[in-house]
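I have placed the structure first, in the form of C-alpha cells, so that the comments after it can refer back to it.
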Amino acid sequence: MSVDFCGLELSHPIINASGTFDLLAADTAFGASLRAEFPFAAFVSKTITLAPRAGNPPPRLWESPAGLVNSIGLPNKGLAGYLAHDLPALSSLLAEVDAPLITNVMGATAAEIARLLEVCQAQMQIAAVELNVSCPNVKTGLDIGADPKQLEAVVREVRSRLAKPLIVKLTPNTADVATCAAAAEAGGADAVSLINTLRAMALAPAGHSESPWLGGGTGGLSGPAIRPVALAQVAAVASRVSIPVVGMGGVQSARHAQDLLDVGATLVAVGTQSFRDPLAGRRVALGLAAAGPKSPVSLRASL
Amino acid sequence: MSVDFCGLELSHPIINASGTFDLLAADTAFGASLRAEFPFAAFVSKTITLAPRAGNPPPRLWESPAGLVNSIGLPNKGLAGYLAHDLPALSSLLAEVDAPLITNVMGATAAEIARLLEVCQAQMQIAAVELNVSCPNVKTGLDIGADPKQLEAVVREVRSRLAKPLIVKLTPNTADVATCAAAAEAGGADAVSLINTLRAMALAPAGHSESPWLGGGTGGLSGPAIRPVALAQVAAVASRVSIPVVGMGGVQSARHAQDLLDVGATLVAVGTQSFRDPLAGRRVALGLAAAGPKSPVSLRASL
Amino acid sequence: MRPQAPIARRALTVVGMQELGAYRVLRLADPDGPAPAPGQFSMLAAVQRWGGGEDERPHVPRAFSIARWQEGEDGMEAHYLLEDVGPGTQRLCELRAGEEVWVLGPLGQGFTPPDEGRRALLVGGGVGIAPLAILQDLLLQHSGTPATSTGAEGRRDLAAPTGVALLGFRDGAHAEGAALLQNVRIATDDGAVGHHGLVTDLLARELDEDPEAVVYACGPAPMLEAVRAMCAEREVPARLALESGMACGFGACFGCVVPTKDGYLRVCVEGPVIDAARLAHVDAHAGAPA
Amino acid sequence: MRPQAPIARRALTVVGMQELGAYRVLRLADPDGPAPAPGQFSMLAAVQRWGGGEDERPHVPRAFSIARWQEGEDGMEAHYLLEDVGPGTQRLCELRAGEEVWVLGPLGQGFTPPDEGRRALLVGGGVGIAPLAILQDLLLQHSGTPATSTGAEGRRDLAAPTGVALLGFRDGAHAEGAALLQNVRIATDDGAVGHHGLVTDLLARELDEDPEAVVYACGPAPMLEAVRAMCAEREVPARLALESGMACGFGACFGCVVPTKDGYLRVCVEGPVIDAARLAHVDAHAGAPA
Ligand SMILES: Cc1cc2nc3c(=O)[nH]c(=O)nc-3n(C[C@H](O)[C@H](O)[C@H](O)COP(=O)(O)OP(=O)(O)OC[C@H]3O[C@@H](n4cnc5c(N)ncnc54)[C@H](O)[C@@H]3O)c2cc1C
Ligand SMILES: Cc1cc2nc3c(=O)[nH]c(=O)nc-3n(C[C@H](O)[C@H](O)[C@H](O)COP(=O)(O)OP(=O)(O)OC[C@H]3O[C@@H](n4cnc5c(N)ncnc54)[C@H](O)[C@@H]3O)c2cc1C
Ligand SMILES: Cc1cc2nc3c(=O)[nH]c(=O)nc-3n(C[C@H](O)[C@H](O)[C@H](O)COP(=O)(O)O)c2cc1C
Ligand SMILES: Cc1cc2nc3c(=O)[nH]c(=O)nc-3n(C[C@H](O)[C@H](O)[C@H](O)COP(=O)(O)O)c2cc1C
Ligand code: FES
Ligand code: FES
C-alpha cells in the first residue's frame, strides 16, 4: 500500500483534509491512543495565514442532509505563531508516528503567498506545502483559484520560493475545475488537491431570528452530500493533468476512497468523517489494504 | 398566497422543477386524483429541444447520500413532437386545474434558441418559456450559461422572439452565479431560475464492472444534499438582480420553501421530493399557507 | 383501464412480517387502497428513518411487486415479498407490526390474461416470483379450479388447468420462497431442491408438451433473456415483468428506461409487464436482483 | 491530568432507557471505558440509522454530559440525561435495551473541586442538571457525608455540608428530572413545583447566607449569564459548564467556539467547564437547550 507522492514515501494513501483534524487538540483528548493508532499517512495542517485570524463568530456549524456547512473562517495563530507554538509540538508528535507534515497556507496576494512559501521552505520539519487558493481576490471578491489565468500567474510567481512539493488545493466553486487544475500545473504545481467545500448557506431554524444562521453569513458544504460532486471533479481533473491528484469530499469508507483512486487520485483525504469517527482515516486505509492492491484499471485514461 | 409572477397570476408560489414531473404519465398513473389535488400553481415541462432526443442509455439514476444523481439526457420528442402530441393534452389538463404552462427549452446555439422561442410565442397555450442554459457550448464544451458574457449575448439575441415572460434557468456549475444572473437580466430575461443539478458522478457498485455507473458517464446531483448550495446561490442571485427569482434545490417542506422566499425568491420549485411524494408540491404550498403570510423581512436587501 | 393509484401516498400499517426462507413477507393493511391488477407494483418507503443506512441511503422509495391482495382481519391486505439486497430492502425488512410504510400504488401496467383456452406458464426466478403469486391467485379464481396445492418438485402435473409455476432459485433457503405459490416445479442452481439447473430447462420441457401455452415471467435479467429468446424461437407469446432502478414509479423521472426495439421505454408506466416481442434483448439492468 | 478518551469510539450496549418526567435516562454498559471526571461529556450516535430523521439528519454525533458513572450488573455504566429537542436526541431517545451507541469519550475539561472548606453550590437549569449529578456524587463521596435525600423544596438545609443543588425547570414534568440529584431546591417557571421563579433567586438567597460558596452551574445561556453576573458582582468563584453546537468533540472542527475575554475558545477541548471570570458574558449559543 505504500505510495510515492511527489517524492514523499507514504505508508498508505490516506491523509487528512486540511482543517478537519487538530493534532494537538487530539493529543489532549486522546493521548497515547492517538499515537498507537495514528489515522493518517501524512498530516495536513489547518490553513495558516500570515497574520493571525480569530475566525468567524459563532454559530459556525450547520448540519445539513448528509453533510455539514461550516463557516469557521480559518482561525489560526498566523505564520509566526504557528512556527513558534505549533510546529515544534506537531513535528515531534509526527516524528513518533513517522508521518510527514504538510502545511496548508493561504494568502490574498502573490506577495503574501511568496512570503508564506519562503518561510515554509526554511523549516525542515515541513515536508510539503498545500496552497489553499479558495481565498477571495481582494478586488473581484471571487476566489483566486476560480480563474485559471489568475491561478496560473500566481502559482508561477511564487513557485520558485519553494523547493519542496507544492500542492495547489483547488476551489470547486468554478465552471471548469479541470482547466483550473491544468493552470496550476502549468504554473508549476507538483500536485493538486480537491475538492474544498461547496459554497453554501443556512438560515436560522424555527425559534431563532431569521438572519443567516452562520456567524460568517455563508459557509462551505462538506461530507457525504458532496461525494458525487467530488468524484466528478476529481475524475475531470485527473484526466486532464499529469501531476498527482489528492482526492477528497465525503469519503467515509474504503469503497469511497477506492472510487477516487479509480478515477485517478494518488492520495485520498478524509475530512468530515473524522468528526464522526476520529479513526476514520485509519479504517479507510485498513479497508483499502484488506481489499488488496487493485490491478490498475484506472479510469483515468477513459474519461 | 396568490402571487404575481411576471404578469402570471398564480394561486400559490409553488411550481415543479423542470424534468421532475410528467403530467401525462401522472395522468395515467393517478387519473382523477391528480386533478383533484393538483400539486403546482403552474406546470413546467421537461426540457424540449428542436430535434427529438432518445436520452442517455441506462442506468440513468444513482442514489447518493440524501440525494440523487441523474443522467437522463433530456429525452424528448423534439419541438414538433411536443406540439403535436403533448401540448394539446397538457393544455387541456392544465385548463382543468387552472395552472398555466411554462415550456422549458434548450438549444445549442442562439439560432436554435431563437427558433424554439418563436414557435413557443405562436402557441397560445404556452404562458411562459424557461430557457435551460445548461447546454454545453459546442466549441468550448462548457455550459452556455456558465460564461456571463456569452449568456448575455445569447439572451439579448433571442429575446425579441418571445413576447411572453422569459425565464432563464441558470447553471449552478459556475464560479459566480450572481454575475450570470445579472448577465441574463441585462440580456433581457424577465426572471431567472436556479439551481439546476450539480455536476456529479458515480462508479458502479460492488459486483458490477468498474466503469462509470451512469450510462451518460456523468450526471447531475439533486435533492436535499444540495439544499444549502441552492440557498446560497439563490440568496446571491436575489441580492444582485431586480427581476423575480425562482428558487429550487432540495426543497422538501414549507420550511425549506420559506427559506428560499426569505432570501428573495418569488416562486419555489419542487423537484426530487416529488419522486418521494407526488403531492410534495401541494404539501409545501399548504404548509406555507398554514404558516400565514410573513411580514416581508426579506433578507434580500441585507445580503 | 388499469387500476390507478391515488396521488396521495398512504401511510399503511404493518400487520405482519414473516420469514420465508431467504425472504420476508411484508403484510400491509390497506383498507382503502384500490385493488391491484397482477403485475402491478407499489413504491414503498418506511415512514420513519428512510435514510441513514449504508452510504446514508435509502432516499427515494423502492419498487415492489404486489405479491398478493387478500382479505385480512380489518379489510384488504397487500403482501410483498422482500429480499434484503441493500439499504432500502434492509430497512423494510426490519419493520415490525404496528410500524408504518408509505405506499404509492398500485402502479404500472400489469399482466393481461391468456387468450381463452390457452394455458398460462408462470416462470419465476428468485424474488421475481412475487408478481406470479397474485397472477396465479387470479388465474385460479377465474378458472374456478383450485390448483393441487402440493409444491413437491418433480411431480409433473400437466392436468393442472392453469397457473403452473416454474420457479428457479439459487439454493434451498431461497427455494422456500416457492411456498408463496401453488403447483410449482422448482429448479435450483445448486441442486438443493428440485431440478439441478436452470428454470428455463423446465420451461423447455413444458413448451415441448404444450406449445400453445402463454408464458408469464419475472426474474433476473439473464433468466428473462433466456425466456425471451426461447419464446421468440418457438413463437410462444411471452409477457415479461421487468425491473429497473426507479426513483419515482409514476413516469416523472425518466430514470427507469429499458431499451426496446423502438427506443427506450419507462418500466414504471409502460411496464413493468411488457410483451417480450417488443424487446430485441433483455437489458442487463432490467431484471430482478439475481 | 484529565481522563482521556480512547481514539477508537466504542460501540456500547444500551442497558436501560427510563423516562424521568420530560427527560429520559439512557444507561450504557461501558466495561472498558475510562472513568470520567465530573463535567466531561461524550459524543454519542446510534450505531444503526444515525440519519434519515427530520431534514435527513442527524449526521454528526451529539454531545452529552456524563450524568453518572457507576457500577452496573456487568461492570461500569454511564448514565446520560436526554431531552428530545431535535433529530439527534429523538433518535437516541427511541433506542431500546440491547441496541448500540457509538461513544467517544470522556472528553473535555471537567469541574475542579472547591477549595478545602468551601461549600459547593450546584446550579442547574433544565437538562443542564446532568453534569451536576456526577459532580454531586463525587462531592458526597469525598465528603463522606450522604446528603439528606429528600428533594422537598422550601426546606432550607444549610446544614448539608456539600453538594446542595438549586435546580430550575420550565414546569412540573421537567422538574421530575430533579430526582437525578439529592438535596435539591427547585424553582419552576410556572410555579408547579418549588419556587415560582428563577433558580437564580434561590442562588441569591444561598449566597447571601454563605458568601464563601463556590458555584458550579450548567443550564440555558440566559441562566448561565445571570449566574455569571451575580457571581462576578459578589466576587464568588463560578465554574460554568457551557454547551455549543459541536461536530467533533475533540477539537478538530473549530466549530464549537464561544467568545471569551481573550478570544474564542473551543468548548470541547478548553471546556465545557470554564471559569466564569474568563467570560465577559455568556454567549446566547453557549447554553443548554432551554
Ligand atoms: C417493478 C419492480 C418490482 C419489484 N419487485 C420486487 C419484489 O417484489 N421484491 C423485491 O425484493 N424486490 C423487488 N424489486 C426490486 C427492488 O426494488 C430492489 O431490490 C430495491 O430497490 C433495492 O433497494 P436497496 O436499497 O435494498 O438496494 P440497492 O443498494 O439499491 O441495490 C440494488 C441494486 O441497485 C444498484 N445500486 C447499488 N447502489 C446503487 C445506488 N447508490 N444508486 C442506484 N443503484 C444502485 C445495484 O445494481 C444493486 O444491485 C422490484 C423492482 C421493480 C422495478
Ligand atoms: C458539552 C455538552 C453537553 C451536553 N449535555 C447534554 C445532556 O446531558 N443532555 C442533553 O439532552 N443535551 C445535552 N447537550 C445538548 C445536546 O448536545 C443537544 O441538545 C443536541 O445536540 C441536539 O441535537 P438534536 O439533533 O436533537 O437537535 P438539533 O436539531 O440539533 O437542535 C438543537 C439546537 O441546534 C440548533 N440547530 C437546529 N438545527 C440545526 C442544524 N441543522 N444545524 C446546526 N444546529 C442546528 C438550534 O439552536 C437548536 O435549538 C449537551 C451539549 C454539549 C455541547
Ligand atoms: C470544519 C472544516 C474546516 C475546514 N478547514 C479547512 C482549512 O482550514 N483549509 C482548507 O484548505 N480546507 C478546509 N476544509 C475543507 C476540507 O479540507 C475538505 O476539502 C472538505 O471538507 C471536503 O472533504 P470532506 O467532505 O471529507 O470533509 C475544512 C472543512 C471543514 C468541514
Ligand atoms: C431526474 C431529473 C430530471 C431533470 N430534468 C431536467 C430538465 O429536463 N430540464 C431542466 O431544466 N432541469 C432538469 N432537472 C433539474 C431540476 O429541474 C432541478 O433544477 C434540480 O433537480 C434541483 O431541484 P431538486 O433538488 O428539488 O430536484 C432534472 C432533475 C432531475 C432530478
Ligand atoms: S421510475 Fe421515474 S420514470 Fe419510471
Ligand atoms: S466540536 Fe469540533 S472543535 Fe469543538
Side-chain angles (χ1 to χ4, degrees), chain A residues 62 64-69 140-143 145-147 171-177 179-180 198-206 209-212 217-221 223-236 250 252 255-256 258-260 262-263 294 297-299 302-303, chain B residues 62 64-69 140-143 145-147 171-177 179-180 198-206 209-212 217-221 223-236 250 252 255-256 258-260 262-263 294 297-299 302-303:
Chain A
W62 175 257
S64 67
L68 192 68
V69 182
T140 66
L142 295 186
D143 288 354
D147 173 18
T171 170
N173 300 301
T174 176
D176 184 5
V177 72
T179 299
C180 294
L198 300 180
R199 205 175 295 128
M201 187 179 179
L203 296 192
S209 63
E210 68 206 328
S211 54
T218 58
L221 177 63
I226 68 170
R227 193 161 65 232
V229 174
L231 190 63
Q233 293 207 354
V234 170
Q252 300 181 283
R255 170 82 218 179
H256 307 149
Q258 189 60 58
D259 280 357
L260 290 169
D262 282 347
V263 300
K294 279 191 89 177
V297 253
S298 171
L299 293 170
S302 76
L303 284 166
Chain B
W62 176 259
S64 67
L68 192 68
V69 182
T140 65
L142 296 185
D143 288 353
D147 173 18
T171 171
N173 301 300
T174 178
D176 185 4
V177 71
T179 300
C180 293
L198 300 180
R199 207 176 293 128
M201 187 179 177
L203 296 192
S209 61
E210 68 205 329
S211 54
T218 57
L221 177 62
I226 68 171
R227 194 163 62 232
V229 174
L231 190 62
Q233 293 208 354
V234 170
Q252 300 181 285
R255 170 83 217 178
H256 307 150
Q258 188 62 56
D259 279 357
L260 290 169
D262 281 347
V263 299
K294 278 190 89 175
V297 255
S298 173
L299 295 169
S302 76
L303 285 166

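Chain identifiers are assigned alphabetically (A, B, ...) following the order of the sequence lines, protein sequences preceding nucleic acid strands; residue numbering begins at 1 within each chain. Here the structure is a predicted model, which is why all the values come from computation and not from measurement. Basis for what follows: all heavy atoms, side chains included, without hydrogens, waters or symmetry-related copies.
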Review point. Checking Pro172(A) against chain B: side chain, backbone, both or neither under 4.5 Å from a heavy atom?
Key: neither
Point to revise | Interface moiety of Val69(A) toward chain B, non-hydrogen atoms closer than 4.5 Å | key: side chain
Point to revise | Side-chain heavy-atom pair Arg227(B), Ser64(A) within 4.5 angstrom cut-off | key: no
Check your understanding: Hey, are the side chains of Met201(A) and Val263(B) touching, using non-hydrogen atoms and a 4.5 Å cut-off?
Key -> yes
Top contributor to chain B contacts, counting heavy-atom pairs under 4.5 Å, from [options]:
options: Pro205(A), Gly250(A), Gly219(A); value: Pro205(A)
options: Ala232(A), Pro228(A), Ala66(A); value: Pro228(A)
options: Thr218(A), Thr179(A), Leu231(A), Ile226(A); value: Leu231(A)

**Study point:** Qualifying residues under side-chain contact (heavy atoms from CB on, under 4.5 Å), relative to Ala230(B), sequence neighbours excluded
**Key:**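 For Ala230(B) the side-chain contact (heavy atoms from CB on, under 4.5 Å) partners, ignoring immediate neighbours, are Ile195(B).
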**Study point:** Between CG on residue Asp143(B) and CG on residue Asp176(A), distance to nearest 0.5 Å
**Key:** 10.0 Å
Exercise for review: To the nearest 0.5 angstrom, please state how far the CZ atom of Arg255(B) sits from the CG atom of Leu203(A).
Suggested key: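 That separation rounds to 7.0 Å.
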Point to revise | Which atom of Leu221(A) lies closest to which atom of Ala225(B), heavy atoms considered | key: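 Looking at all heavy atoms of both residues, the closest pair is CD2-O, 3.4 Å.
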